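Keep in mind that what you see is a predicted model, and the values were worked out from it rather than measured.
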Amino acid sequence: MRPPLSKELWFSDDPDVSETLRFKQWNGKERSIFFQPSSFYVSPEELMSSEHGGVSVLTGKKVVHMDVRENKVKLDDGTLISYEKCLIATGGTPRNLPSIERAGENVMQRTTLFRRVSDFRSLSNLSSSIDSITIIGGGFLGSELACALARKGRQTGLEVIQMFPESGNMGKVLPEYLSHWTTEKVRGEGVNVMSDAVVKFVSYQNGKLNISLKDGRQVQTDHIVAAVGLEPNTELAKSAGLELDGDFGGYRVNAELQARNNVWVAGDAACFYDIKLGRRRVEHHDHAVVSGRLAGENMTGAAKPYWHQSMFWSDLGPDVGYEAIGIVDSSLPTVGVFTRATEKDTPKSAAELSGTGIRSESDTGEIIQTENTPSPVLPQSSPPSTQQKETYGKGVVFYLRDNIVVGILLWNIFNRMPIARKIIKDGEEHSDLNEVAKLFNIHEE
């Protein structure tokens, strides 16, 4: 499970966490990042003779060709494997910046594209032995890593710089006022945040990396982490005759996640048809879980469409977190309803109350905040003043398309995803989203 690689593993007190890969969830319970223990799996040689079937994992091999008509795949060592049903869950590969790729070997050797266990291990070791790390990217991964490294840096003196082209953290997801507020929280964790930063070129001189920005700013650092998105792994498209989506990338599949006869796709690599929200491709842990389960059921004949909305979450330390569902895109009109938070309204407290860690599921001083909202029936207000900023303690942000709620973000409100899921599934137009926000019990003390 990838989420702990940028979240809980960094907050472990165990000095050997890079080896054990075990972590304490916010609720104090310990677990491994691995989906199942190795004892769960059957060896490939014994799979066909196993009395009750099972799951085998073949490591160190790559599928290089797929024959859909003959129901066979070819491995890089020439081995042929036949199948009755096949699921493609090839995930994606982290993108790099062209300016880094052009910069030469010295720069590439000092750049991490954060994705694997080995990346966590090397970055964890590096963070204890160098003076400065610069994270390029203002999304989930970049912001989580920045906060995690900054917290670790309080003991070691590590300088953590985060730069991105948007005006605030999570700028592509959060409405601007909340993005800027989040940036202040990230700075409060000890991160030197540089917004509106577009990298022009990178060089290596005198033992340091030099990052030159388009506006003339210069940054010296020891190591770069590029967290600038993912490219879905679709190399099998040509041999398998599978359609790729020109807008979203990934293998184009139907609402049942089927690409062709006997072939399904799940996870990051699937561009699927959501019967409520239209065509989408989603890169989150819970989507991998939900889509993998649905594809597996459909491979055994269930014929179910994708309608159970997956959620995603991000925690910037134990005190600020959010959960979201649907199309959460800052370019959409949004309406936000906020109130003051209590001590219960943190990821840590929520996990302690619910007993889960990995999430796959009076005068309130209330603020209603809207952005880009064309409809006159929705509440309007100006951006918050400095004095009001602290009241963004907890709240709900609704994302609208044609006045219909297509996405919901719960800010420091936890374990309310079924309510959000139902609102999106119903697809109704609401004249007063302040009333809808009350469904989430945001005024509970």
Side-chain angles (χ1 to χ4, degrees), residues 1-2 5 21 32-96 108 112-122 230-245 248-254 256-272 281-283 285 287-301:
M1 296 180 293
R2 295 191 201 278
L5 295 179
L21 298 175
S32 163
I33 70 164
F34 293 107
F35 200 64
Q36 297 283 2
S38 56
S39 58
F40 170 82
Y41 299 100
V42 180
S43 73
E45 295 77 20
E46 296 169 4
L47 181 63
M48 299 311 291
S49 59
S50 174
E51 183 182 355
H52 301 293
V55 179
S56 291
V57 177
L58 194 59
T59 58
K61 306 288 183 187
K62 183 175 182 178
V63 175
V64 294
H65 188 274
M66 188 170 179
D67 187 333
V68 174
R69 296 180 74 177
E70 295 293 325
N71 287 7
K72 287 181 180 174
V73 297
K74 183 181 180 182
L75 305 185
D76 51 1
D77 63 2
T79 303
L80 289 173
I81 298 176
S82 60
Y83 63 85
E84 289 175 44
K85 311 282 183 188
C86 180
L87 172 66
I88 297 173
T90 45
T93 301
R95 291 192 188 105
N96 200 350
M108 288 290 285
T112 297
L113 302 180
F114 196 87
R115 180 74 173 163
R116 300 170 180 271
V117 167
S118 56
D119 300 325
F120 166 73
R121 285 177 167 151
S122 64
L230 196 72
E231 202 63 48
N233 293 330
T234 55
E235 296 95 333
L236 292 173
K238 193 169 182 183
S239 64
L242 299 176
E243 183 182 3
L244 300 180
D245 190 89
F248 298 100
Y251 296 104
R252 198 174 169 97
V253 297
N254 63 17
E256 287 78 33
L257 305 183
Q258 191 168 14
R260 285 191 62 181
N261 192 35
N262 298 328
V263 179
W264 283 257
V265 190
D268 295 345
C271 179
F272 61 97
R281 191 173 68 81
V282 178
E283 298 174 1
H285 171 83
H287 171 68
V289 174
V290 169
S291 64
R293 186 180 295 134
L294 177 64
E297 289 180 16
N298 287 343
M299 290 165 79
T300 59

Just to verify, what does Glu45 make a side chain to side chain contact (heavy atoms under 4.5 Å, CB included) with, not counting sequence neighbours? Ser43
Inspect the surroundings of CD in Glu70 and state if more than 12 heavy atoms from other residues, nucleotides or ligands are less than 6.0 Å away. no
CE-CZ distance between Met1 and Phe34, expressed to the nearest 0.5 angstrom: 10.0 Å
If only atom types and distance count, is the side chain of Ser291 paired as donor or acceptor with the main-chain N or O of Gly267 below 3.5 Å? yes
Side chain proximity check, Val63 to Glu235, heavy atoms < 4.5 angstrom: no
Full working for side chain to side chain contact (heavy atoms under 4.5 Å, CB included) between Ile88 and Met66: CA-CA 11 Å; Ile88 297 173; Met66 188 170 179; 4.0 Å; yes
Minimal heavy-atom distance between Pro232 and Ala269, with the atoms involved, is CB-CA, 4.1 Å
Donor-acceptor pair, Arg2 side chain versus Arg115 backbone, under 3.5 Å? yes
Under the rule for side chain to side chain contact (heavy atoms under 4.5 Å, CB included), what residues qualify as partners of Phe248, not counting sequence neighbours? Asp245, Cys271, Arg279, Arg281
Which heavy atom of Val64 sits nearest to which heavy atom of Leu236, and what is that distance? C-CD2, 4.0 Å
Results of side-chain hydrogen bond (donor to acceptor under 3.5 Å, both in side chains) for Thr112 - residues two or more places apart only: His223
Partner residues of Tyr251 under the ring pair (Phe, Tyr, Trp, His ring centres under 6.0 Å) criterion, sequence neighbours left out: none
Using every non-hydrogen atom in the two residues, find where Gly54 and Val42 come nearest and quote the distance to one decimal. CA-CG2, 4.1 Å
Check: residues 256-265 side-chain donor-acceptor pairs under 3.5 Å, at least two apart:
{"from": "Gln258", "atom 1": "NE2", "to": "Arg260", "atom 2": "O", "distance (Å)": "3.2"}
{"from": "Arg260", "atom 1": "NH1", "to": "Ala240", "atom 2": "O", "distance (Å)": "2.9"}
{"from": "Asn262", "atom 1": "OD1", "to": "Lys85", "atom 2": "NZ", "distance (Å)": "3.2"}

I need the minimum non-hydrogen distance between Leu5 and Phe114, along with the two atoms involved. O-CZ, 3.2 Å
Residue pairs involving residues 52-69 (criterion side chain to side chain donor-acceptor pair (under 3.5 Å); sequence neighbours excluded): Lys61-Asp77
State which residues pass side chain to side chain contact (heavy atoms under 4.5 Å, CB included) with Thr93; sequence neighbours excluded, sorted by chain then number. Asn233
Can you name the side chain to side chain contact (heavy atoms under 4.5 Å, CB included) partners of Glu297, sequence neighbours left out? Arg293, Ala302, Lys304
Non-hydrogen atoms of Tyr83 and Val68 that approach each other most closely: OH-CA, 3.7 Å
By side-chain hydrogen bond (donor to acceptor under 3.5 Å, both in side chains), Arg116 pairs with (sequence neighbours left out) none
Using the rule given for side chain to side chain contact (heavy atoms under 4.5 Å, CB included), can you reason through Leu75 versus Ile81, listing the C-alpha separation, both sets of side-chain angles and the distance that settles it, and then say yes or no? CA-CA 8 Å; Leu75 305 185; Ile81 298 176; 3.9 Å; yes
Would you say the side-chain atoms of Ser50 pair up with the backbone N or O of Leu47, donor to acceptor, closer than 3.5 Å? no
How many angstroms lie between atom CG of Asp268 and atom OG1 of Thr234, to the nearest 0.5 angstrom? 12.5 Å
Note: Leu58 and Pro44 closest approach over all heavy atoms is CD1-CG, 3.9 Å
Only counting residues at least two apart or in another chain, list the ones meeting salt bridge (charged side-chain N to carboxylate O under 4.0 Å, His left out) with Arg95. Glu231
